[in-house]
Student: 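Got a structure for you, written out below as structure tokens; questions coming shortly.
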Amino acid sequence: MGFDYLANHAESIGAKTAVILGEQSIDFATLNRRANQAANVFKQLGCKADDRMAVMSFNSIEYFELVNGLRKLGAIFVPVNYRLRGSEAAYVINDSGAIIAAADRDHVAVIDEARSNIERKVNLVAIDGDEPEGWLSYPGLRDGASDVAPEIGITGLGSSMIYTSGTTGAPKGAWRPGGIGLENIFQVISLFNLDGSDVHLLCGPVYHSGPGIFAALHQLLGATIVVQKRFDPEDALDQIERHRVTTTFMAPTLLKRLVEAQEQKPRNVSSLRAVILSAAPCPFTLKVRAQAALGEVLWETYAATETGFNTILRPEDQLRKPGSCGTAVPGQEIKLLRDDGTEAAVGEPGEFMVRSSWVAEYYRRPEATRNSTHDGFFSVGDIAYRDEDGYFYICDRRIDMIISGGVNVYPAEVEAVLLAHPDVADAAVIGVPDEEFGESVKAVVQLRPGANIGAEDLIAFCGERLAGFKRPRSVDFLDELPRDAAGKLLKRKLREHYWAGAGRRI
């Protein structure tokens, strides 16, 4: 058999707490035993190496049993976004080729609804009981299964297939046939100085690659993981204080809520040493507030499900390099390419391309993989520039770029200005149809409670800080902007409203 880190932990630190959720906890010895049982359950259901299991669930202790059980079998974990509807979930199950679909009690109804659209026979497993007709009970199956580890060679963290958010069409499975390489695993551990003595807070949804990979890395090291079923800023601060949490990973939207809660009711967060940010650009004003509220603990990485970790910005550079996502991670070859395929100069925006052993392929979509690749370099469509010191700055996604009167406008730059206004809680900038310019710049804004600033004042505020062509021509107000559970802004939903009757999309 290959090296099984969980089995090793069970022998060496078996009594140490592995996972905490509220008042529940499980030690490494018990987690390893249950993971062995889970592996044998899946084996009895016909699952073998390289087969896939789709899971729709909030964060839970059972998640760690399932994902480790699949790893022990050499099978592939396919997390399903719990915001999806039945037909959307069926798409992921069908596309991934999953032979088992599991859900917790909060999402059993969604997968049950998906049944009529699933194209093959799939075993349906209720993770925490309460199974509908035709479903199997995971607790019942697990408790009756052998706790002897299956004899299958395993190394590393195991394999997963993470589906992209689908901002450019149907979601695509980012697939690494051999899983994440050991050299990449050790590199990330070294980059962020992770250690077995850490206590890690898992607060983002594990169907996103960031929360999942950092939870896995900490468990590999034998660290304790404190789990939130769903993110709640007050509870997160309580957990940090209670369990002396040292590390966590989150999107800037979650950081904003955490900082606001800490400002209103401070907790003892002195144990924190690393709050790792990714998934979206973090406004400089929020970084200033976060440093005041939490200490000099922010780390930022520009990463993608398909490309892994590309850049890193360390705590000492957060305020020194406003707007930057850091320098290249060692081993990542990065190019910024103009539209004609030549390399952009210092300070000039170009498409961010990367070549490394991290890069995934799109499952069953060789054409999509080829379309994202240029001379061996892969791109998810982000636009960036670099400064003379080698620090990178993400301007935007190519799909989000606005072309108004033949001039490119990168929305992230305008959004950063809007978010600096004291009355603005959240903001998105999109291109909307314009008969004269093709597209005009529109801001969609969520105000802070009690604020009553008008559109003209916000436009003037931007005009004082941006070139005229970047200034919003109009402003609409919403009670809340559409974001997914990881904090990513769903601009596609915003655009649909404005482009519905235009007869075109750009």
Student: Going through the distances and angles, do D387 and Y393 end up as a side chain to side chain contact (heavy atoms under 4.5 Å, CB included)?
Tutor: CA-CA 8 Å; D387 66 17; Y393 301 74; 2.9 Å; yes

Student: Looking at D106 and K229, is there a salt bridge between them, counting it only when a charged N and a carboxylate O are closer than 4.0 Å?
Tutor: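 Yes, this pair counts.
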
Student: Counting only heavy atoms not in E456 (residues, nucleotides, ligands), do more than 12 fall under 6.0 Å from its CD?
Tutor: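 Not more than 12 within 6.0 Å, no.
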
Student: Between R242 and E23, is there a salt bridge with N-O shorter than 4.0 Å?
Tutor: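 Counted as a salt bridge, because a side-chain N and a carboxylate O are separated by less than 4.0 Å.
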
Student: Please determine whether side chain to side chain contact (heavy atoms under 4.5 Å, CB included) holds for the pair F377 and E351, giving the CA-CA distance in whole Å, both sets of side-chain angles, and the decisive distance to 0.1 Å.
Tutor: CA-CA 11 Å; F377 284 75; E351 186 167 4; over 6 Å; no

Student: With a 4.5 Å cut-off on side-chain heavy atoms, are P411 and V441 touching?
Tutor: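 No, too far: nothing below the 4.5 Å cut-off.
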
Student: When you compare the side chain of S57 with that of Y63, does any pair of heavy atoms fall below 4.5 Å?
Tutor: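 Y63 vs S57: side chains apart.
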
Student: Going by distance alone, is a donor N or O of one side chain under 3.5 Å from an acceptor N or O of the other, for D434 and S404?
Tutor: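 Judged by distance alone, the side chains do not pair up.
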
Student: Does the ring center of F309 lie less than 6.0 Å from the ring center of F214?
Tutor: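 Ring-ring flag for F309/F214: true, centres closer than 6.0 Å.
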
Student: Cation-pi check, R465 to F461: give yes when NZ or CZ is under 6.0 Å from the six-membered ring centre and within 45° of the ring axis, no otherwise.
Tutor: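 Yes, a cation-pi geometry.
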
Student: Counting heavy atoms not belonging to D340, are there more than 12 under 6.0 Å from its CG?
Tutor: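 Counting other residues, nucleotides and ligands, CG of D340 exceeds 12 neighbours.
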
Student: Nearest 0.5 Å, please: how far is OG1 in T253 from CG in L489?
Tutor: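 If I round to the nearest 0.5 Å, the distance is 8.0 Å.
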
Student: Are any non-hydrogen side-chain atoms of L258 and T248 less than 4.5 angstrom apart?
Tutor: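 The answer is no; the side chains never approach within 4.5 Å.
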
Student: Is the number of heavy atoms from other residues, nucleotides or ligands under 6.0 Å of R320 CZ greater than 12?
Tutor: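 Result for CZ/R320: enclosed.
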
Student: Is there side-chain contact between V55 and I127, with at least one heavy-atom pair below 4.5 Å?
Tutor: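 Heavy-atom side-chain distance check passes, below 4.5 Å.
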
Student: Is the shortest side-chain heavy-atom distance between W358 and T307 below 4.5 Å?
Tutor: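 No - every pair of side-chain heavy atoms lies 4.5 Å or more apart.
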
Student: Would the Y302 and F392 ring centres measure less than 6.0 Å apart?
Tutor: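 Here the rings of F392 and Y302 have centres that are no less than 6.0 Å from each other.
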
Student: Under 6.0 Å between the ring centres of H200 and F249?
Tutor: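 Judged by ring-centre distance (under 6.0 Å), H200 and F249 do not meet the cut-off.
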
Student: Between the main-chain N or O of R471 and the side-chain N or O of R473, is there a donor-acceptor pair closer than 3.5 Å?
Tutor: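 Pair found, side chain donor or acceptor close to backbone of R471.
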
Student: Would you confirm whether Y385, through its side chain, and A344, through its main-chain N or O, come within 3.5 Å as a donor-acceptor pair?
Tutor: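 No, the answer is negative, given that no donor and acceptor are paired below the 3.5 Å cut-off.
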
Student: Under a 4.5 Å cut-off applied to non-hydrogen side-chain atoms, are D195 and T247 in contact?
Tutor: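 They are not in side-chain contact.
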
Student: Under a 3.5 Å distance rule, please check whether Q446 uses its side chain to pair with a backbone N or O of A425 as donor and acceptor.
Tutor: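 Checked: no pair found.
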
Student: So, does R355 use its side chain to make a donor-acceptor pair with the main chain of M353 at under 3.5 Å?
Tutor: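 Flag not set: sc R355 to bb M353 has no pair under 3.5 Å.
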
Student: Is the shortest heavy-atom distance from the side chain of V414 to the side chain of I402 under 4.5 Å?
Tutor: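 No, side chains not in contact.
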
Student: Does some side-chain heavy atom of M56 sit less than 4.5 Å from a side-chain heavy atom of Y207?
Tutor: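 No, their side chains stay 4.5 Å or more apart.
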
Student: Between L277 and C282, which heavy-atom pair has the shortest distance, and what is it?
Tutor: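 Closest approach of L277 to C282, heavy atoms only: CD1-SG, 3.8 Å.
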
Student: So, the side chain of K491 versus the backbone of V429: is there a donor-acceptor pair under 3.5 Å, distance only?
Tutor: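 At least one qualifying donor-acceptor pair exists.
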
Student: Scan side-chain atoms only and decide if E367 and Y362 contain a donor-acceptor pair under the 3.5 Å cut-off.
Tutor: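 On atom types as modelled, these side chains do not qualify, holding no pair under 3.5 Å.
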
Student: Would a distance-only check, ignoring hydrogens and angles, find a side-chain to backbone donor-acceptor pair under 3.5 Å from D104 to F58?
Tutor: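 Side chain of D104 to backbone of F58, a donor-acceptor pair under 3.5 Å: yes, one is there.
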
Student: Can you tell me how far CG of L217 sits from CZ of F186, rounded to the nearest 0.5 angstrom?
Tutor: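 F186 CZ to L217 CG: 10.0 Å, rounded to 0.5 Å.
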
Student: Measuring from atom OH of Y391 to atom CG of L313, what distance do you get when rounded to the nearest 0.5 angstrom?
Tutor: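 The CG atom of L313 is 7.0 Å from OH of Y391, to the nearest 0.5 Å.
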
Student: Should D426 and R483 count as an ion pair when the cut-off is N to O under 4.0 Å?
Tutor: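 Yes, charged N to carboxylate O under 4.0 Å.
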
Student: Indicate yes or no for a side-chain donor-acceptor contact from S278 to the backbone of T301 under 3.5 Å, with no hydrogens or angles considered.
Tutor: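 Yes; judged by distance alone, with no hydrogens or angles, the pair exists.
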
Student: If only side-chain N and O atoms count, and only distance matters, is there a donor-acceptor pair under 3.5 Å linking R244 with S270?
Tutor: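 Result is yes, a qualifying pair exists.
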
Student: Quick one: does any side-chain atom of N117 pair with a main-chain N or O of A114 as donor and acceptor, under 3.5 Å?
Tutor: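 Not a single qualifying donor-acceptor pair exists.
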
Student: Does the side chain to side chain donor-acceptor pair (under 3.5 Å) test come out yes or no for Y163 and N81, once each step is laid out?
Tutor: CA-CA 8 Å; Y163 273 74; N81 184 333; over 6 Å; no

Student: Picking from E296, Q291, K287, what satisfies side chain to side chain donor-acceptor pair (under 3.5 Å) with Q318?
Tutor: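 So, applying the side chain to side chain donor-acceptor pair (under 3.5 Å) to Q318 and each of E296, Q291, K287, only K287 qualifies.
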
Student: So, N59 side chain and V227 main chain: donor-acceptor pair closer than 3.5 Å or not?
Tutor: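 Looks like no, no N/O pair under 3.5 Å.
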
Student: Please find the pair of heavy atoms, one from Q228 and one from A236, that lie closest to each other, and give the distance.
Tutor: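 Closest heavy-atom pair between Q228 and A236: NE2-N, 3.3 Å.
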
Student: Test your reading of the model: is there a side-chain donor-acceptor pair from S271 to the backbone of V245, 3.5 Å cut-off?
Tutor: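 Flag set: sc S271 to bb V245 pair under 3.5 Å.
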
Student: Does K335 form a salt bridge (charged side-chain N to carboxylate O under 4.0 Å, His left out) with D375? I'd like the steps, not just the answer.
Tutor: CA-CA 11 Å; K335 288 184 178 181; D375 290 339; 5.8 Å; no

Student: Drop me the distance from I240's CD1 to L272's CG, to the nearest 0.5 angstrom.
Tutor: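 Nearest 0.5 Å value for the CD1-CG distance: 4.5 Å.
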
Student: Run the salt bridge (charged side-chain N to carboxylate O under 4.0 Å, His left out) check on E300 and K321 step by step: do they pass?
Tutor: CA-CA 12 Å; E300 188 170 6; K321 288 287 186 178; over 6 Å; no

Student: Taking atom CG of L418 and atom SG of C462, what is their separation to the nearest 0.5 Å?
Tutor: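 If we round to the nearest 0.5 Å, L418:CG and C462:SG are 4.0 Å apart.
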
Student: Between atom NZ of K493 and atom CG of L481, what is the distance when rounded to the nearest 0.5 Å?
Tutor: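 It comes to 12.5 Å.
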
Student: Considering only NZ, NE, NH1 and NH2 on the basic side and carboxylate oxygens on the acidic side, decide whether E348 and R338 come within less than 4.0 Å.
Tutor: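 Salt bridge between E348 and R338, a charged N being under 4.0 Å from a carboxylate O: yes.
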
Student: Is a salt bridge present between R365 and D95, judged by a nitrogen-to-oxygen distance below 4.0 Å?
Tutor: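 Judged by the 4.0 Å cut-off on N to carboxylate O distance, R365 and D95 do form a salt bridge.
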
